[in-house]
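What follows is one structure encoded as structure tokens, with my remarks underneath.
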Amino acid sequence: MAFIKAQKIVRDENGVITSGSAAIVDTVYISTGSKNHSKHKVREKLGKVLYLSADRKSGIFMSPTRGLVEYNALTDTFEGVERDDSRICSQDIFPETEIHTVFGDVFLLLHFFEKCGLISILRSVFPKDEVYERVLCHILHGVLKDGSRISCDNFLRKSFASYILKDVPVSSLHSDTRFFTLMGEDSLKVFYFRTFVAAMQKQDPSFGKGCYVDSTPLPNDIDNNPFNALCCHGVASSEVMTRLILVLDEETGLPVWYDIIPGNVLDINTVMMIVNNVAGALGIEIDSLVLDAGYVSKELIGAFHIGTEKTIIGRMPARKGYPFKTLYWEVKDLIGKGKYAFVRKHHAYFGRRSSCLRNRCMHMFMLINTMPLNDSAIILSIMKMSTLNSR
């Protein structure tokens, strides 16, 4: 017959079991000739004892194999037990999981935002507390997740930010349709960059007075994406692509505008639309373009040139497409001569005039970054124009 064998039972002053273990033991009779004797054999370990009846015939246990369970030795049966059972409710069987809250990273980043004035800018753009905190949560998550795939809601639960940003439910940050819808509003984007540029110009009046446009290709395989278009890097092959357009301040490198356009190099209006819109809406002066080689065309140069000196930088492919090694061997004897060297953006370049078109004095240079030059060096072509009277 089976019975419950309990060991090292300890009770508190109220008689509640605080520790101890138990097992189901069978009594086995062994015959050895003229004499018979019994032997106890453990059938199953019941684990920690949570409750034991006065006659020790039944009890509640935290079994290593069955979990929270009740065993009755008289009927030799098991039954399930609820967590709120009155016989064990006084015991802390399932304590809440401890969460280690990270403090330093969020505090440091928020302190930096306050010092540089970004907090006041966000407050001006998003006056409602709930919207402001929602945007701030996603900014903290985007900056501090450090390449991990942790979702925004899980990041906030483990962060000090969850204690100070209380106007937005953390669970709503997992699939935040409201946030992404908000970020898609063009009027809000214009308002933000106007506020940002105005705040930066209070610190430095020259901010935004000399900007350049940088075009970055974004491979995109989404079906029926209106921003997808055939894009070319100045070589024979083309692919479907979307382009991210950044307008950056020349001195600080900070963005003053961004936009997403189709990657269609044949349509020069997309680039010029960015130039004109930024100048009209933000009062930003753009004096140079940084584009892929496929954008470098007479039409774009003519559209971009508006009577003042402008610069267009066309990025040449490094490993595929335009043979940069061939260009290097053609001009290597001229490298090192002072009249062919100039510095741009703290990089030393070599430049050589290769053509002059019509009455507009257009100097096309082949640029090689000489600090340092290796197999992955990017070869550029730069066109600098100034209007000359026709002769």
Side-chain angles (χ1 to χ4, degrees), residues 94-123 125-126 128-186 188-189 192-193 195-196 199-200 214-225 227-228 231 239-249 252-261 263 318-319 376 378:
F94 301 99
E96 294 293 330
T97 304
E98 293 185 3
I99 298 178
H100 298 277
T101 303
V102 181
F103 172 79
D105 56 352
V106 168
F107 177 80
L108 181 62
L109 186 59
L110 290 177
H111 183 67
F112 169 75
F113 285 167
E114 184 180 10
K115 287 295 184 182
C116 69
L118 184 59
I119 289 293
S120 60
I121 293 173
L122 293 175
R123 253 308 183 189
V125 178
F126 307 102
K128 295 183 178 180
D129 292 342
E130 191 269 338
V131 178
Y132 163 73
E133 292 192 3
R134 186 176 296 276
V135 172
L136 202 57
C137 286
H138 284 280
I139 293 176
L140 294 173
H141 169 247
V143 175
L144 298 175
K145 66 179 180 179
D146 194 23
S148 65
R149 295 193 176 187
I150 185 172
S151 60
C152 187
D153 57 327
N154 288 335
F155 173 83
L156 264 293
R157 287 190 179 98
K158 299 178 180 179
S159 173
F160 157 71
S162 61
Y163 294 96
I164 60 175
L165 304 176
K166 297 181 178 180
D167 288 328
V168 54
V170 175
S171 59
S172 68
L173 298 172
H174 180 72
S175 181
D176 201 347
T177 304
R178 184 177 181 185
F179 168 76
F180 292 107
T181 302
L182 189 70
M183 293 297 101
E185 295 182 8
D186 189 66
L188 187 62
K189 182 173 70 171
Y192 169 79
F193 280 108
T195 308
F196 173 71
M200 292 301 297
D214 193 351
S215 168
T216 303
L218 302 173
N220 198 334
D221 298 329
I222 301 176
D223 295 333
N224 301 321
N225 183 359
F227 294 109
N228 274 348
C231 177
E239 58 181 324
V240 173
M241 194 171 290
T242 300
R243 286 191 172 274
L244 172 65
I245 299 292
L246 291 174
V247 181
L248 306 169
D249 179 65
T252 63
L254 294 174
V256 298
W257 184 255
Y258 81 93
D259 209 341
I260 297 177
I261 66 172
R319 294 189 176 277
S376 62
I378 299 178

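Numbering starts at 1 and runs along the sequence shown. Since the structure is predicted, the reported quantities are computational estimates derived from the model, not experimental observations.
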Which pair of non-hydrogen atoms, one from [X] and one from [Y], has the smallest distance, and what is that distance?
X      : Y      : value
Asp176 : Phe180 : O-CD1, 3.0 Å
Val170 : Arg157 : CG1-CG, 3.7 Å
Lys145 : Phe155 : N-CE1, 4.4 Å
Tyr132 : Phe126 : CB-O, 3.4 Å
Thr101 : Ser159 : CG2-C, 3.4 Å
Ile121 : Ala199 : CD1-CB, 3.8 Å

Do [X] and [Y] touch side chain to side chain, with heavy atoms closer than 4.5 Å?
X      : Y      : result
Leu188 : Met183 : yes
Leu109 : Phe113 : yes
Leu244 : Tyr258 : yes
Leu118 : Ile139 : no
Asp249 : Met200 : no

- [ ] Check whether more than 12 heavy atoms from other residues, nucleotides or ligands sit under 6.0 Å from atom OH of Tyr192, and answer yes or no.
- [x] yes
Open item on the list: Tell me if the CZ atom of Phe103 is crowded by more than 12 foreign heavy atoms within 6.0 Å.
Closed with: yes
Taking [X] for its side chain and [Y] for its backbone only, find out whether a donor-acceptor pair lies under 3.5 Å.
X      : Y      : answer
Glu114 : Ile119 : no
His141 : Ile150 : yes
Ser151 : His174 : no

TODO: Give the intermediate values and the outcome of side-chain contact (heavy atoms from CB on, under 4.5 Å) for residues Val131 and Leu182.
DONE: CA-CA 9 Å; Val131 178; Leu182 189 70; 3.3 Å; yes
TODO: State which residues pass salt bridge (charged side-chain N to carboxylate O under 4.0 Å, His left out) with Asp167; sequence neighbours excluded, sorted by chain then number.
DONE: none
With rounding to the nearest 0.5 angstrom, report the [atom1] to [atom2] distance, [X] to [Y].
X      : Y      : atom1 : atom2 : answer
Arg178 : Leu173 : CZ    : CG    : 11.5 Å
Leu140 : Leu165 : CG    : CG    : 7.0 Å
Ile245 : Trp257 : CD1   : CH2   : 12.5 Å
Ser171 : Asn154 : OG    : CG    : 11.0 Å

TODO: Go through the steps for Leu254 and Leu248 under the test side-chain contact (heavy atoms from CB on, under 4.5 Å), then give the verdict.
DONE: CA-CA 5 Å; Leu254 294 174; Leu248 306 169; over 6 Å; no
Task: Contacts of type side chain to side chain contact (heavy atoms under 4.5 Å, CB included), residue Thr181, not counting sequence neighbours - done: Thr177
- [ ] Start with the C-alpha distance between Glu130 and Arg134, add both sets of side-chain angles, then the distance that settles salt bridge (charged side-chain N to carboxylate O under 4.0 Å, His left out), and finish with yes or no.
- [x] CA-CA 6 Å; Glu130 191 269 338; Arg134 186 176 296 276; 2.5 Å; yes
TODO: Decide, yes or no, whether a salt bridge links Asp129 with Arg123 under the criterion of side-chain N to carboxylate O below 4.0 Å.
DONE: yes
TODO: With sequence neighbours left out, write down each residue that passes ring pair (Phe, Tyr, Trp, His ring centres under 6.0 Å) with Phe179, or none if nothing qualifies.
DONE: His138
